[in-house]
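Atoms considered below: every heavy atom in the structure, side chains included; atoms not considered: hydrogens, waters and symmetry mates. So you know, we letter chains A, B, ... as the sequences are listed, proteins then strands, and number each from 1.
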Protein chains: 2
Amino acid sequence: MPAANIRARARAEMVTEIKTIARRHLAAEGANLSLRAVARDMGMVSSAIYRYFPSRDDLLTALIVDGYQALGDAAEGADAAVTDRADLRGRWLAVCHAVRRWALAHPAEYALLFGSPVPGYAAPQETTVQAARTPATLIGILLDGFTTGVLPDPGPGDLPDPVRADLAVLRDALSTGLPEALLARGATGWIHCFGAVSFEIFGQLNGVFEAREEYFDHQMRRLADQIGLP
Amino acid sequence: MPAANIRARARAEMVTEIKTIARRHLAAEGANLSLRAVARDMGMVSSAIYRYFPSRDDLLTALIVDGYQALGDAAEGADAAVTDRADLRGRWLAVCHAVRRWALAHPAEYALLFGSPVPGYAAPQETTVQAARTPATLIGILLDGFTTGVLPDPGPGDLPDPVRADLAVLRDALSTGLPEALLARGATGWIHCFGAVSFEIFGQLNGVFEAREEYFDHQMRRLADQIGLP
DNA sequence: CGATCGTCAAGAGCAGTGCTCTCGTTTGTG
DNA sequence: CACAAACGAGAGCACTGCTCTTGACGATCG
């Protein structure tokens with residue numbers, strides 16, 4: 001009875017082992033992942049890999065999905081670890097630092113997720129749902145602030161109408177009651193957080209800033225000010 | 001007498017033609033630039049390219065330097081085109097939009113400059129000096145504001161000491177009298193601008209924001225608020 | 001003017017890549 | 001037990017970056 005299950009289990013183990021070795025190669029040598037090298041490390045011949053992944057791009061896609069998932073876990077975990085749920089600023093900073101720490105721990109995977117996209121590559125649906133978890137965590141913090149009344153609706157202000165329309169669609173897609181202006185601040189915060197992490201990971205502030213964690217923290221604090229987190 | 005010069009000129013023309021075709025390939029197919037394909041397009045054999053560029057990485061480096069130069073030209077030109085030099089906000093927005101426009105017009109080159117770095121690749125000195133021009137343009141706007149008294153020194157505030165030390169080194173390297181706090185705001189502004197552009201170029205807001213120029217403009221205006229530009 | 005030397009392009013070749021196909025072997029199932 | 005599906009190995013194709021050798025062209029010097 002467990003026969004087919006045994007086969008399926010062996011296959012699943014094979015898939016995870018391929019991904020693990022691929023991740024190791026990715027971390028060691030960067031983006032140009034070699035299927036043949038992975039196969040060599042597994043003591044197999046390259047064509048055997050194709051039993052498990054129809055192409056190199058599919059393997060990369062699997063790694064991307066895993067990466068978004070790991071990043072989402074890190075972000076949600078950091079948020080959940082803040083016991084004082086009313087400490088919105090603490091939760092915001094915890095999530096931002098968690099994103100940075102994950103990126104520093106897995107720079108090659110981070111580059112895969114947020115770096116230059118592959119030419120002909122289009123992200124499948126399954127990646128986007130996982131990709132949305134991290135920004136959703138940040139938005140959730142703002143939503144908590146709004147529902148508890150700590151974070152008032154600043155009003156549309158100078159938000160251009162087309163942007164408001166985009167934000168309205170996004171708000172409905174998230175089935176969130178968050179006002180558009182707060183949603184805009186959340187998106188801007190996520191973009192700035194991503195920008196700061198990418199700047200550091202991609203070596204753009206090499207030789208300029210040495211106190212990177214302190215500078216990142218300072219930026220995220222100012223960002224929390226701008227968003228209006230108490 | 002012009003004999004050697006003729007040789008040098010022919011060589012220079014060859015170099016620029018190789019770079020032009022390489023840029024075309026880069027734009028068409030993305031980061032994985034093929035030397036052999038470039039050679040084919042030039043009606044040459046691949047080994048002939050090596051007379052002009054000792055390796056593929058050297059060709060990429062040349063393209064990177066050119067890219068930083070073009071981006072710096074765009075930024076400085078946009079700043080210089082604002083006739084009212086006292087309109088700091090207008091200059092800031094002009095530079096930010098110029099960066100975004102250049103990135104949209106040359107996405108592959110932008111990815112080469114600011115995307116995932118090549119594994120073993122270390123940026124030579126000649127790239128960094130060109131790379132500094134664009135942020136230096138933004139810093140220059142803040143410096144104009146400070147020297148004319150429009151932009152007061154907000155004081156160190158909550159800047160962590162290690163960050164202040166980095167900023168002091170950076171200020172001296174730029175031989176600028178800009179206070180550390182303003183320099184920090186400029187750096188943060190540059191990072192946010194880069195983040196917003198990268199987010200868009202790398203397809204991170206596909207399917208989320210459609211009114212991209214308006215949203216970018218809105219973000220940069222809020223950024224100008226935060227910096228304190230009148 | 002003729003010999004010489006540096007520059008250039010071409011071609012062959014090496015090691016590596018993604019991917020396809022075929023061929024035995026293994027393995028779980030009717 | 002026999003069958004079919006799944007599997008790994010191997011050869012092979014077209015491609016890549018890069019090296020080396022060969023032959024031709026042209027400017028320079030004796």
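In this structure, A:I49 places its CD1 atom 12 Å from P of C:dC19, rounding to the nearest Å. B:E13 places its CD atom 13 Å from the P atom of C:dC8, with the value rounded to the nearest Å. Residue A:D57 contributes atom CG, which lies 17 Å from atom P of C:dT17 at whole-angstrom precision. Distance B:E29 CD to C:dG18 P: 18 Å, rounded to the nearest Å. Rounded to whole Å, atom P of C:dT20 lies 11 Å from atom CG of A:L35. Per the geometry, CD1 belonging to A:I18 stands 12 Å off C1' belonging to D:dC7, to the nearest Å. Per the geometry, CG belonging to A:N32 stands 11 Å off C1' belonging to C:dT17, to the nearest Å. As rounded to whole Å, 13 Å separates atom C1' of D:dT16 from atom NE2 of B:H25.
Looking at B:T176, its side chain never comes within 3.5 Å of a backbone N or O of B:L178 through a donor-acceptor pair. Between the B:H192 side chain and the B:T188 main chain, no donor and acceptor come within less than 3.5 Å of each other.
Using a 4.0 Å heavy-atom distance criterion, B:M14 is classed as a sugar-phosphate-only contact. Looking at heavy-atom distances under 4.0 Å, B:L33 makes contact with sugar-phosphate atoms alone, never a base.
Minimum interatomic distance between B:H25 and B:D41 (heavy atoms only, all atoms of both residues): CE1-OD2, 3.1 Å. Shown here for A:A184 and A:L167, the closest heavy-atom pair between the two residues is CB-CD1, 3.7 Å. Closest approach of A:Y215 and B:A187 over heavy atoms only: OH-CB, 3.2 Å.
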Given A:F194 and B:S198, is the side chain to side chain contact (heavy atoms under 4.5 Å, CB included) satisfied, shown in steps? CA-CA 9 Å; A:F194 149 84; B:S198 293; 4.1 Å; yes

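Between C:dA9 and B:Y52, a contact under 4.0 Å exists linking OP1 or OP2 to a side-chain N or O. Considering only side-chain N and O atoms, A:R40 lies nowhere under 4.0 angstrom from the phosphate OP1 or OP2 of D:dA9.
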What string of B, S and - do you get for nucleotides 19-26 of chain D, 5' to 3', if B is base contact, S is sugar-phosphate-only contact and - is no contact with any protein heavy atom under 4.0 Å? BB------

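In this structure, A:F202 has its ring center at least 6.0 angstrom away from the ring center of B:F114.
With D:dG17, C:dG11, C:dT17 as the candidates, the nucleotide lying closest to the side chain of B:R56 is D:dG17. Among the nucleotides C:dG11, C:dC8, D:dG8, the one closest to any side-chain atom of B:V45 is C:dG11.
Judged by distance alone, with hydrogens and angles left aside, A:R36 brings no side-chain donor or acceptor close enough to the base of C:dG16 to form a pair under 3.5 Å.
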